[in-house]
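The structure appears right after this line, and notes come after that.
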Amino acid sequence: MAWLENHLLLVILAVVAILVFIFLLKLAVRAAIVFGIIALIAIVVFGVSPGKIADIGKEGANSASKAYEKTIEPVINKELGNAKHVEKKDGSFVIESKSVKITGRDGDDKARVKYNGKTYNVDMNVIKPIRNRIETTKQ
């Protein structure tokens with residue numbers, strides 16, 4: 001009983017973490033079930049091939065990179081002249097200008113682009129050319 005009293009905050013945090021995990025897991029399962037039902041209806045009723053449904057899923061995943069290329073990349077290109085590029089020894093990097101901040105790590109698939117208070121996850125292949133155009137400072 002004394003152990004419980006001494007570690008009450010830890011126990012409460014663990015219970016809250018478990019409840020949040022269960023909620024997120026249920027949410028993910030519901031989303032997968034809904035997508036599965038929609039896919040099944042599309043296959044059976046409308047005769048859409050499973051390959052076409054897989055392509056639609058891939059297209060949705062690529063939409064964030066497309067939005068980046070149309071909206072944020074032109075702004076970044078304007079600010080490249082004043083941008084500071086710092087590469088850290090652990091492989092992470094930061095590209096920062098007046099209104100754009102890009103963070104990532106070598107070997108990762110995605111980088112984070114923060115612009116106008118919003119954060120976007122962008123494919124690392126889009127960031128590589130930007131990194132190559134900016135002077136690097138090693139830290």
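All values reported here derive from a predicted model rather than from experimental measurement.
Residues near V94 contribute nothing to a hydrophobic cluster around it, because no ILVMFWY side-chain heavy atom sits closer than 4.5 Å to its side chain.
By the side chain to side chain contact (heavy atoms under 4.5 Å, CB included) test, L24 is found to be paired with V20, residues two or more places apart in sequence or in another chain being considered. For V29, the side chain to side chain contact (heavy atoms under 4.5 Å, CB included) partners two or more places apart in sequence, or in a different chain, are I33. Residues meeting the side chain to side chain donor-acceptor pair (under 3.5 Å) test with D106, sequence neighbours left out: R131. Partners of I41 by side chain to side chain contact (heavy atoms under 4.5 Å, CB included), not counting sequence neighbours, listed by chain and number: I37, V45, F46. For the side chain to side chain donor-acceptor pair (under 3.5 Å) test, residues two or more places apart in sequence or in another chain that qualify with N125 are D123.
Shortest non-hydrogen contact noted between M124 and D108 is CB-O, 3.6 Å. Between I102 and A111, the closest heavy-atom pair is CG2-CB, 4.4 Å.
More than 12 heavy atoms of other residues, nucleotides or ligands sit less than 6.0 Å from atom CZ of R105.
For the atom pair CD1 of I95 and NE2 of H85, the computed distance is 4.5 Å after rounding to the nearest 0.5 Å.
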